[in-house]
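Worksheet: one structure, shown below.
Order of listing sets the numbers, starting from 1, for every ligand and every atom in it.
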Amino acid sequence: MNEYIQAIRQRNEGQNRRACVVTFGCQQNEADSEKLRGMAAAMGYAVTDTPAEADLIVVNTCAIREHAEQKALSTIGQFKHLKAKNGNLIIGVCGCMTAQKRRVDELKNSYPYVDFTFEPSALDRFPEYLCEVMDSRRRAFHIGEAAGSIREGVPILRSESAKAWVSIMYGCNNFCSYCIVPYVRDRERSREYQYVIDEVKEVVAAGAKDVTLLGQNVNSFAGGCSFAELIEKLSEVDGDFRLRFMTSHPKDVSDALIAAMAKSKNAARHFHLPLQSGSDEILHAMNRHYDRAHYLSIVEKLRAAMPDIALTTDIIVGFPGETDADFEATLDILRRVRFDMIYSFIYSPRAGTPAAKMENQIPEEIKSARMQKLLAVQDEISLEINQSLVGKALRVLVDGKSKNDANTYAGRSEAGKLVHFKSEADLSGRFATVRITRAEPFCLHGELQEK
Ligand code: 5AD
Ligand code: SF4
C-alpha cells in the first residue's frame with residue numbers, strides 16, 4: 001500500500017488535486033470511507049465533499065436492499081457530465097455492490113466513465129488500483145482479489161471529532177437467508193485486541209466522546225480475547241466518553257458480555273439487538289438460530305443487569321412465507337419489549353441469497369400495509385417512552401446547531417435519542433445536561449441545565 005501511496009503522492013505534487021468520497025449504506029461503510037479519505041489525503045489529494053470540484057471521485061456503495069443499489073447507480077450516473085467537463089477526472093466505485101459480478105459487469109458495460117472498481121475486502125488496495133489506472137489509463141474491474149487478512153495502519157481521515165467509529169472485525173459467517181453481506185464482505189476476521197485498544201485510546205485522546213465498535217456480529221469477536229473481555233479491557237481506558245457497539249446477534253450475546261457492560265464505567269446504557277421477526281417459523285426460515293423465547297430471555301437479562309438500558313432493534317416485514325399470524329407475533333414482541341426505537345425494513349430479495357429463491361414471496365401491497373401497521377404500533381410505544389422522560393435530566397452529546405434555528409442545538413442522549421434545546425454558547429462536541437420539557441415519537445425537546 002505505502003509504495004503506491006508514495007508513487008501517487010509524487011504525481012500529485014504541485015497539481016492541487018482534490019478527491020471526493022461519496023458514501024451509501026451503514027456505519028461500516030462510513031468507517032471504510034474514512035479510510036478511503038485517509039489514503040486519498042496521504043496520496044496528496046485535498047479531500048472535498050463536492051464531487052463537482054474533484055479530480056478523483058470514489059463512490060462507496062451499499063447492496064443491502066435493491067433501493068440502496070439503485071440510489072448508488074443513479075448517483076454514479078450523475079457523474080457522467082463531470083467526466084465530460086474534466087477529462088482528467090478518475091471515477092472509482094467500491095463497496096458492497098462491487099463485490100457482485102453482475103453489478104460489476106453492469107458498471108463495465110453501461111457506465112463507461114467508471115474507471116475502476118474494487119471490493120470492500122480489498123479496501124487497502126485502493127492506492128494500488130488507482131496507481132494502475134493512472135499508469136495504464138485503462139479501466140480495471142477488480143473482483144475476487146482480497147487478501148483475506150486485515151491490514152493494520154491504513155490511514156484514517158475521520159469526519160467528526162466527537163464521534164468515532166472503530167472497526168473491530170470484518171465480514172460475516174452467519175448467512176441469514178435474506179442477507180447479502182456474507183457474500184460481499186467475506187468471512188469473519190477480527191483485529192487483534194491490542195490494535196482496537198490503541199485506536200480507542202487514540203480517538204479519545206483526540207477528543208472523541210462517543211466511540212462505536214463496529215462489526216457485523218461483534219459478539220463473535222475473536223481477536224485474542226472474547227468480546228466481553230474486550231469490553232472489560234476498554235472500560236479501563238481513561239476519559240469521559242461513551243462506548244457503543246454494533247451489531248449484535250442474539251444467538252451470541254453471552255452472560256459475560258451483559259456482566260461486563262453492567263460493570264463498565266463507559267459502556268453506554270444502550271443495546272441494539274436485531275430481532276428481524278417475532279415468529280419462530282420465520283426466524284427458522286431466516287436461519288437466525290434463535291427463537292422468540294431466547295430473544296426475550298436476553299432482554300430480561302439485560303434489564304435485570306441494567307434497569308435503565310435503552311433497547312433498539314431491526315425488523316424485516318414481508319419475508320417470504322410471512323403470514324398474518326407471523327406478523328402479529330412480531331407486533332406482540334414489540335408490545336412486550338417496548339423498544340425505544342426500531343429500524344424497520346421491507347424485505348428486498350437479494351440475488352444469490354436463499355430467500356430470494358423461496359417461492360412464497362409476499363406481494364408488495366401486503367408488505368407495505370404491514371410496514372404501516374408496524375410503524376403505527378411502534379410510534380405509539382416510542383411516544384409513550386419519550387413522554388415518560390419529560391421532567392427528567394438527560395446527558396446529551398451535542399452534535400451541533402439545528403438547521404432551522406440559529407440558537408437551537410441537537411444532541412444525542414445515552415440511549416441515542418435526538419434532543420433539541422436552546423443555548424447561547426456553542427456546545428458542539430461537548431456533553432450537556434438537558435431537562436426534557438416535551439416529547440415526540442422521534443425526538444425530545446428540553447432546556448439546558450446550568451451547572
Ligand atoms: N431486505 C430487507 N432488509 C434487510 N436487512 C438485511 N437484509 C435485508 C433484505 N434483504 C436488514 C436487517 C439488518 C439491517 C441492517 O438490514 O434488518 O439487520
Ligand atoms: Fe453495510 Fe451491509 Fe450495506 Fe454493505 S451491504 S454497506 S455491510 S449495510
Side-chain angles (χ1 to χ4, degrees), residues 23-32 60-72 95-97 99-100 102-103 120 165 167 169-185 188 212 214-220 244-253 271-279 282-283 285-290 292 295 298 311-322 326-327 330 333-334 337 339 341-358 360-364 366-368 370-371 374-375 378 416:
T23 314
F24 293 92
C26 63
Q27 287 83 356
Q28 185 62 61
N29 259 21
E30 293 291 346
D32 284 352
N60 192 4
T61 62
C62 172
I64 197 88
R65 285 170 287 275
E66 182 65 21
H67 180 63
E69 294 201 299
Q70 293 311 326
K71 261 195 343 204
C96 297
M97 199 173 87
Q100 303 169 94
R102 80 191 160 96
R103 288 298 187 197
W165 314 115
S167 293
M169 57 197 298
Y170 303 89
C172 183
N173 289 352
N174 291 314
F175 289 93
C176 301
S177 62
Y178 50 81
C179 189
I180 192 81
V181 172
Y183 305 89
V184 294
R185 285 191 173 263
E188 263 173 26
T212 306
L214 289 181
Q216 300 302 334
N217 178 10
V218 289
N219 311 103
S220 58
R244 301 179 188 277
F245 50 84
M246 65 188 306
T247 292
S248 289
H249 194 306
K251 77 176 168 59
D252 296 318
V253 174
F271 209 102
H272 181 67
L273 190 61
L275 168 68
Q276 312 301 2
S277 168
S279 148
I282 296 295
L283 286 171
M286 286 176 162
N287 195 31
R288 291 287 286 173
H289 296 284
Y290 59 86
R292 47 186 283 135
Y295 188 93
I298 301 172
L311 299 175
T312 56
T313 198
D314 290 348
I315 304 282
I316 296 178
V317 298
F319 183 83
E322 185 186 68
D326 292 321
F327 177 62
T330 301
I333 293 220
L334 256 50
V337 174
F339 294 101
M341 219 174 343
I342 65 168
Y343 300 87
S344 45
F345 309 100
I346 289 184
Y347 169 70
S348 166
R350 307 285 61 219
T353 62
K357 294 189 219 74
M358 291 179 184
N360 36 10
Q361 301 286 328
I362 305 292
E364 289 306 319
I366 296 185
K367 287 189 196 171
S368 330
R370 286 185 184 158
M371 181 61 132
L374 185 86
L375 293 175
Q378 181 58 34

Please confirm whether Arg350 comes within less than 3.5 Å of ligand 1 when only nitrogen or oxygen atoms on both sides are compared. no
Report yes if Arg65 has an N/O atom closer than 3.5 Å to an N/O atom of ligand 1; otherwise report no.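 Indeed, backbone or side chain, Arg65 has an N or O that close.
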Ligand-residue contact atoms, ligand 1 with Tyr178, heavy atoms, under 4.0 Å: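 Under 4.0 Å from Tyr178, ligand 1 has these atoms: 6 (C), 7 (N), 8 (C), 10 (N).
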If the cut-off is 4.0 Å to any non-hydrogen atom of Gln276, which atoms of ligand 1 fall inside it?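 Once the distances to Gln276 are compared, the set is 12 (C), 13 (C), 17 (O), 18 (O).
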Can you tell if the side chain of Thr312 reaches within under 4.5 Å of the side chain of Phe339, non-hydrogen atoms only? no
Can you confirm whether Thr353 sits close enough to Tyr183 that some side-chain heavy atom of one is under 4.5 Å from a side-chain heavy atom of the other? yes
Is there a heavy atom in Ile346 that sits closer than 4.0 Å to ligand 1?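 The answer is yes: ligand 1 sits under 4.0 Å from a heavy atom of Ile346.
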Where does Thr247 meet ligand 1, judged by heavy-atom distances below 4.0 Å: at the side chain, the backbone, both, or neither? neither
Heavy-atom distances under 4.0 Å decide this one: backbone, side chain, both or neither, for Phe345 against ligand 1?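 Within the 4.0 Å criterion, Phe345 contacts ligand 1 through side-chain atoms alone.
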Under 3.5 Å side-chain donor-acceptor pair for Tyr170 and Gln216: no
Testing Tyr347, Phe345, Phe327 one by one against Val317 for a side-chain contact (heavy atoms from CB on, under 4.5 Å), which residue passes? Phe327
Name the one of Leu283, Thr313, Val253 that satisfies side-chain contact (heavy atoms from CB on, under 4.5 Å) with Tyr295?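 It is Thr313, the one option of Leu283, Thr313, Val253 that forms the side-chain contact (heavy atoms from CB on, under 4.5 Å) with Tyr295.
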For Phe245 and His272: C-alpha separation, side-chain torsions, deciding distance, then whether ring pair (Phe, Tyr, Trp, His ring centres under 6.0 Å) applies. CA-CA 8 Å; Phe245 50 84; His272 181 67; over 10 Å; no
